[in-house]
Each structure stands twice: as structure tokens, then as C-alpha cells.
Visitor: 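Right, I'll just put the structure down here and ask away after.
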Amino acid sequence: MKLWSQYFIPTLKESPADAEIPSHKLLIRAGLVRKLGGGLYTYLPLGLRVMQRLSQVCREELERAGAIELAMPHLHPAENWQQGPRWAAAREIMFRADSAGDGRRGPREPEYVLGPTHEEVITPLVRAEITSYRDLPKNFFQIGTKFRNEIRPRFGLMRAREFVMMDAYSFDATDEGAIRSYHAMKAAYEAFFRRIGVTAIAVEADTGVMGGSFSHEFMVPAEVGDDDVIYNEESGYAANREKATSALVPADLADAPPAGAVEEFPTPGVVTIAALEAAPYAVPADRQFKTLVYVGDGKPFVVILRGCDELEEAKLGSLGFTVFRPATAEEIEPVLGAKPGSLGAVRGTIRNPDALAGVFADHAIRLVGNGVTGANRDGFHLRHVNIGRDLALTRFGDFRRVRPGEPDPKSGAPLKVRRGIEVGHIFKLGTKYSDKFGAVYTDDQKQNHPMVMGCYGIGISRTLQAVIEQGHDADGIIWPWAAAPFQVLVCVLDPQLPEAMDLARALATAAEQAGAEVLIDDRAERPGVKFKDADLIGFPLRLTIGGRGLKEGILELKWRAQKDIIKVPVAEAAARVAAAVKEAWAKA
RNA sequence: CGGGGUGUAGCUUAGCCUGGUAGAGCGCCUGGUUUGGGACCAGGAGGUCGCGAGUUCGAAUCUCGCCGCCCCGACCA
């Protein structure tokens, strides 16, 4: 048990000016964290206690799933990353750490980086230490600080530059084994979030820079989330916006009978879909081809969508480029022959087709029969364009952004969208890293094979904030039992009375023996201050001992999540408290 | 990095437009009164007005530059 007067809980009446969302304000007001700089936070004692609780529950569930804890350095030789498969893509988010004191200034390449994640460390380790199928599968995890130079840190712990993450890495002999490991981790995640009282749903996700074959994100539904979840409750479909698809292609008009030969017509000054939709052209957006140019690994490529659709940029990841970005007008003109606004991909109109890394078309353009597209000549467009006959396509793919209301790919029911906070992510990686680092094992036929990997992350510090975002009211935080910094607060209104403090200690002991952690508010403050602080911090169970009640032989028991106050005779109090604690653990 | 905001005591802020003594609330310290939902009275400490130039007799206030922080976008646990 701890005495409040001896502890350190700096609460605030007012929200700091730089906090915007409820959970961020409460983190600071309740004395859980303080900001050092952008995206950098000190965990105060109360905040640290919550972090430790979350970490411990996470640890228990992972160990139950067979994972093994270790701890890797936070400082990585840059060499590990340079040898890995994603140096080009990952270096932007990594903090460089160059050795100090040797008199050299600013080496071209960093000597060390601060680890944003640990594939580049664990894979060489496993390569060196595990060589036989007999030693597989293995799944290693750690809980520790990660560093990412986020372009824009946001909302307190929600997106920080330094944060606490659980990261795990599985190594299997076979693809089936890797899928088993993946599902074991998915189940462990579900158990973790359930135990700490957080509603998190698994949604299909894009693999992003990680690479790999499939992936789920664990999302906490919240208005302040960074991500859009596309879902339908009935069918159970749920996917991150970056991954979401819809069953939108009822008819395939790729080879529709041409309405005529391709024909150029002047469109002076028309550089937008909307302008072509307007009079005098009157071409509906869903009959236009939108032609976008990107640069992938240094080479331009073209993406074609319906005029009415938006590109979901993350989906370009499926094309296999390490890095890509929108092309500039200067890069586009020499290759296609026109400025943006008159671009197209009709055969014969592209000035320098050999310079292109490909022409990729979204499936939905199949809905466009005789369409209109740019002529690759400024101020001109083409009509009667047929996909099969006229477009110089490399291949089709899924590149468009799904819109709410479109049919679910599973059931055809309308898709919905809601915001979510990504608190966890699991990837089936395949052999991307084991190939690169040579992590192979020998099977019982003396044959060598690359290990099949998975990687898994839970943002512990972000989860802390998600818990608050999901559990608060106008008065403050409402901690789930298993996540609370202390489960029980004994609020002593008259700490100068020895019998009040004696009773408080006795009840605290009883609660501790039942398995709770207890804080005693022994401060010489007025009752109002104590109650406000208790509600602000949100201890799940509050016992109130006052001089007035003591005379009548009663004290009060109150759950933070409930309105009513339960009066308990002092003689029964210890037993009632112990029972309440046990009941709370049973329900948690 | 692009767009928008903002920076005055530990916290929340007024003052800035229209240049002339830096003000309040909370918190803190002292004394007293109070004591079941952020008490009251009296006294007190606490400020390079983000930093640097410039304009001016005089700059928190006007001008320029820089920096920090917040919000929107791309990125992520």
C-alpha cells in the first residue's frame, strides 16, 4: 500500500493548452505523464504503474502462447539495416546515432540507428543460433522502447517519437507452421485486450513497409483514431481502409463493342475530371479514365482509375516497389508527352513508353465501356476509348479507395466506415528477412530451407491512452480493473483521527490480501478535493472513511463506474472489501 | 515537408488591433477561520512577455528572421 501524501501524483484542475483530445488531457491532468518535447513523455509514477500492468498482462498471454522473452539493444549498428531488405524505405523514420568524441564530423552514413523495430537484429541472431528443424518453431518477444522519427507526433502517447512496444518474431520450418504461429499470436492478442478491458477488433490490413503476405491490425474503435476501418457487422468483414475492397464490378466492359474509332477532340484549359464533366463536354466522371503517374524506385509508372474513384496510395505497395511517390509535372511530360490534365494511356499516344515501369489499371475501370481519357497532348482528350482495344495495360490490380455503401466483398451488404486506433499489428512475413539474412535450417532430409517468419507488435504506451479514450466520463478516467494504477483507493477524510487511519490500513491490508493494489489518500485536503482527484484518476473501487460515518460505525464503498454509494458497517468492512476485490478479479 | 494557428509566472490566460507602470484565476508560501464534492479572509513570493535583429524618445504590443508547440494532410504500434 502507498500513502498519497508520501507519493507523487501531480493532478491538474485545468487541461494544458496543447492537449486536444480527452485521453490526452486526462493523461496529463491525472498526473500520469508529462511532456518533455514533441512526442516525448516522462511516465510519472502512476503512468508507469499502468504501463507495467499492461506489460505484465501482455507478457503472461504471450508466454501462455509459447513465446519466449528476451531483450535486444535499442542502439543498432546501421550495418544491420543496410544489409536488410528495407533500408531505403525505413531510414527516413530512423534516428541516427553517430559515435561521439572521435573528432569526426557528420559521416555520410550513420554508424548507429535507434531501433524502430527489431527484425534486423533478431534474424541475424536466429541465423547464427538456430540451424536445425529440431529447434523450430521459436517465437521471441520483448517489451521495450522503440524510436521512430514520426513526421508528426500527435495526441500525446498516441503517436510518439519514443514509445513502448511489445514486439515478437516467430520462426517456423514450414508455411503451415507459420500460419499456426500467426493464429496463436492472434489468439494471444485477443486474450490480452480482453483481460485489460479494451475492445479491440482484428481487421485485415495492408502489410506496408514490413512486407509479407498477410496481416491483421487490432483496432480500438474511437472517433479520434488515425485509421478508417471498413466493415459490415453481419458478414464479419472488417479491413483497414488501405486494404479494403468491395464487390463493385458487376459487368465487365473491358471488351465492350467500341462505339467508334478513337477520336481526338480539343479541350482547351480542361485539366480536371470535374471540368470534363461540365458543359460543353458533359462526360460523367464514371466514364472517364483518370491517369496518374508515380515514380517507383526511380522509374515512372502509370495508374489508371475511373474518373469518379480515388487512388488508395497504400495499395500501390502490391506492385513491389521499395519506395514510390507521385511524379512531378517535370518528370511526367517527357515520358507521356503532356502535362497533368491531358494524360492517358492509349497505345501510340505515350511519347516514351519504354521509360515506364508499367501501366497498372484498377479493376473498376472494367465498368467503363467507351470512355474518355487524355490524349497525351496538352488541351486534347480522346473519346471512344475501349480498354481491351486501346489501352496499353501491364495488368489490372486493386488500387481504388473503397467508399461507404459499396457492396461488401463477402456478402454484398453495404460497407460502413468508422475510425479506430491501431493498437496492435500482426504480420505473416514469409521469408523476406530470412532470405536476406540467410536464416536457414536443415530439415530431416539434410536439405536447407529459409525459415518462415512472422512479426507482431502491440503499442503498449498507445494502448494505455486507448484505454483512457475508451473509458472516461466528464469527471475523469474510468480504469478497467486490470489496467488501473491502483485498484483500490482508501479515501480518509479525517486523516488526523488515529482510528480513521488505523481502519484505513486495516482495510488496505484486507484488499491487498485479496489481490488488489491500494493507495490511501491521507492528505490534509478538503473532502471535495479528494473526491475530485479520485474521480479524475479513476480508481475502480473507492472506500471512503469519514469522521461522521465512523461515529455511526459505517463507511462507504463506491465503484467508479457506478453511481450508487454502498454503506457498509465497519465491522463487516474488511470482509466486504476482500469479497469485492475477488469478485472484480473474477470478472476482469 | 505543405496548409492553418499559437507562444505572457508552475498551469489556464487578459493585455497586442490603437506603442508609454505586465494584470487576473488556479497552484505555491505565512497566519487565521473553515471541514462530506475543487472553501473563505488577510498578507507574500514568483515574469529575460519564445529567441534575435529592426523601427521608435520609448516595443509584450509594429516589421523581418529564427525556434518551439498545437491542428489538418502523407507515415506508423
Side-chain angles (χ1 to χ4, degrees), chain A residues 10-21 24-25 28-29 31 34-40 54 58 89-90 92-94 116-117 143-168 189 200 205-210 217-220 224-227 240 242 311-314 317 323-326 420-427 455-466 475-476 491-497 524-536 542 544-550 555-556 558 565:
Chain A
T11 59
L12 259 33
K13 275 190 195 173
E14 289 175 290
S15 298
D18 59 8
E20 193 83 2
I21 65 171
H24 186 194
K25 291 177 182 172
I28 293 166
R29 286 192 55 209
R34 285 293 183 266
K35 183 167 74 177
L36 174 63
L40 301 172
L54 300 181
C58 185
E92 277 183 29
I93 62 150
M94 288 197 285
T117 170
I143 298 173
T145 305
K146 295 285 181 283
F147 301 87
R148 290 186 194 171
N149 194 5
E150 290 293 341
I151 308 163
R152 181 156 88 87
R154 265 217 303 184
F155 295 154
L157 301 180
M158 207 73 104
R159 193 192 311 175
R161 290 204 162 98
E162 183 182 319
F163 58 98
V164 174
M165 181 166 115
M166 182 292 298
D167 50 321
Y189 273 41
D206 183 68
T207 50
V209 178
M210 279 298 172
E217 282 175 355
F218 283 76
M219 308 290 298
V220 173
V224 299
D226 279 353
D227 296 272
N240 185 299
E242 295 176 351
L311 173 66
E312 181 59 61
E313 208 172 74
V323 289
F324 55 84
R325 58 169 173 83
I421 301 166
E422 182 189 351
V423 288
H425 207 150
I426 57 179
F427 299 88
C455 73
Y456 316 88
I458 291 177
I460 300 288
S461 44
R462 180 182 283 182
T463 298
L464 187 165
Q465 188 163 348
D475 293 320
C491 190
V492 185
L493 299 184
D494 302 285
Q496 75 284 1
L497 298 177
E525 289 286 352
R526 297 168 58 86
V529 173
K530 295 185 171 222
F531 292 141
K532 288 289 184 189
D533 273 344
D535 289 345
L536 174 63
R542 187 183 83 198
T544 306
I545 298 171
R548 186 183 296 177
L550 275 186
L555 55 88
E556 290 164 11
K558 182 180 179 301
I565 291 169

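Throughout, a chain's letter reflects where its sequence line sits, starting with A, and its residues are numbered from 1.
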Visitor: Starting at CG of A:Leu157 and ending at P of B:rC70, how long is that distance when rounded to a whole Å?
Guide: 12 Å

Visitor: Taking the side chain of A:Glu422 as heavy atoms from C-beta outward, which of B:rG73, B:rA77, B:rG36 is closest to it?
Guide: B:rA77

Visitor: Quick one: label A:Gly38 by what it contacts on the DNA or RNA (base, sugar-phosphate, nothing), any heavy atom closer than 4.0 Å.
Guide: sugar-phosphate

Visitor: Shortest non-hydrogen contact from A:Cys491 to A:Arg542?
Guide: CB-CG, 4.3 Å

Visitor: Nearest whole angstrom, please: distance from the P of B:rG37 to the CG of A:Leu536.
Guide: 18 Å

Visitor: Ignoring hydrogens and geometry beyond distance, is the side chain of A:Arg462 in donor-acceptor contact with the base of B:rC76 at under 3.5 Å?
Guide: yes

Visitor: Rounding to an integer number of Å, can you tell me how far A:Arg154 CZ sits from B:rA74 C1'?
Guide: 11 Å

Visitor: Does the side chain of A:Arg152 get closer than 4.0 angstrom to OP1 or OP2 of B:rC1 through an N or O atom?
Guide: no

Visitor: So does A:Met158 get a backbone contact from the side chain of A:Arg462, meaning a donor-acceptor N/O pair under 3.5 Å?
Guide: yes

Visitor: Nearest of B:rG36, B:rG38, B:rA77 to any side-chain atom of A:Glu150?
Guide: B:rA77

Visitor: Could you give the distance separating B:rG50 and B:rC67 at their C1' atoms, to the nearest angstrom?
Guide: 7 Å

Visitor: From the options B:rG73, B:rC76, B:rA77, select the nucleotide whose nearest atom is closest to the side chain of A:Asp226.
Guide: B:rC76

Visitor: If you look at every strand shown and take non-hydrogen atoms under 4.0 Å, does A:Arg29 touch a base, only sugar-phosphate, or nothing?
Guide: base

Visitor: State the pairing partner of B:rG73; accept Watson-Crick or G-U wobble contacts with both distances under 3.5 Å, and report none otherwise.
Guide: B:rC1

Visitor: Check every strand shown and say whether A:Val529 touches a base, only sugar-phosphate, or nothing at a heavy-atom separation below 4.0 Å.
Guide: base

Visitor: Measure distances between side-chain N and O atoms of A:Arg159 and base N and O atoms of B:rG73, and say whether any donor-acceptor pair falls under 3.5 Å.
Guide: no

Visitor: Find the partner of B:rG7: check Watson-Crick (N1-N3 plus N6-O4 or O6-N4) and G-U wobble (N1-O2, O6-N3) distances, both under 3.5 Å, and reply none if neither fits.
Guide: B:rC67

Visitor: Heavy atoms under 4.0 Å, any strand shown: does A:Asp227 hit a base, just sugar-phosphate, or nothing?
Guide: base

Visitor: Take the protein atom NZ of A:Lys25 and the nucleotide atom P of B:rC71, then report the distance between them rounded to whole Å.
Guide: 11 Å

Visitor: Atom CD of A:Glu242 to atom C1' of B:rA74: distance rounded to whole Å?
Guide: 10 Å

Visitor: Testing the basics here: between A:Tyr189 and A:Gly457, what is the closest heavy-atom pair and its distance to 0.1 Å?
Guide: OH-N, 2.7 Å

Visitor: Would you kindly give the CD1-to-C1' distance between A:Ile28 and B:rG27, to the nearest whole Å?
Guide: 17 Å

Visitor: Could you say whether the aromatic ring of A:Phe163 and the base of B:rA77 stack, counting only centre distances under 5.5 Å and plane angles under 30°?
Guide: yes

Visitor: Hey, does the side chain of A:Lys35 come within less than 4.0 Å of B:rC70's phosphate (OP1/OP2), counting only N and O?
Guide: yes

Visitor: Quick check on B:rU35: is either OP1 or OP2 less than 4.0 Å from any side-chain nitrogen or oxygen of A:Arg526?
Guide: no

Visitor: Given atom CG of A:Leu493 and atom P of B:rG36, what is their separation to the nearest angstrom?
Guide: 8 Å

Visitor: A:Gly549 near the nucleic acid: base, sugar-phosphate alone, or nothing, with a heavy-atom cut-off under 4.0 Å?
Guide: base

Visitor: Heavy-atom contacts under 4.0 Å between residues 11-18 of chain A and RNA chain B, which residues?
Guide: A:Lys13, A:Glu14, A:Ser15, A:Pro16, A:Ala17, A:Asp18

Visitor: Scan A:Asp535 against the nucleic acid and name what it touches under 4.0 Å (heavy atoms): base, sugar-phosphate only, or nothing.
Guide: base

Visitor: Select from A:Gly528 and A:Met165 the residue whose nearest nucleotide in RNA chain B is closer to the 5' end of that strand.
Guide: A:Gly528

Visitor: Determine the contact category for A:Glu556: base if any of its heavy atoms lies under 4.0 Å from a base atom, sugar-phosphate if only primed atoms, P, OP1 or OP2 are that close, otherwise nothing.
Guide: base

Visitor: When you measure only distances, ignoring hydrogens and angles, does the side chain of A:Glu525 come within 3.5 Å of the base of B:rG38 through a donor and an acceptor?
Guide: no

Visitor: What pair of heavy atoms forms the shortest contact from A:Asn240 to A:Ala205, and how long is it?
Guide: CB-CA, 4.1 Å

Visitor: Which part of the nucleic acid, if any, lies within reach of A:Phe155 when heavy atoms closer than 4.0 Å are counted: base, sugar-phosphate only, or nothing?
Guide: sugar-phosphate

Visitor: Closest heavy-atom contact between A:Leu536 and A:Arg29?
Guide: CD2-O, 3.4 Å

Visitor: If pairing requires Watson-Crick or G-U wobble contacts with both distances under 3.5 Å, which nucleotide is the partner of B:rA45?
Guide: none

Visitor: Tell me what A:Ala19 touches on the nucleic acid: a base, only sugar-phosphate, or nothing, going by heavy atoms under 4.0 Å.
Guide: nothing

Visitor: Pick the C1' atom in B:rG2 and in B:rG15, then give their distance to the nearest Å.
Guide: 33 Å

Visitor: Tell me the partner of B:rC40, counting only Watson-Crick (N1-N3 plus N6-O4 or O6-N4) or G-U wobble (N1-O2 and O6-N3) with both under 3.5 Å; none if nothing fits.
Guide: B:rG32

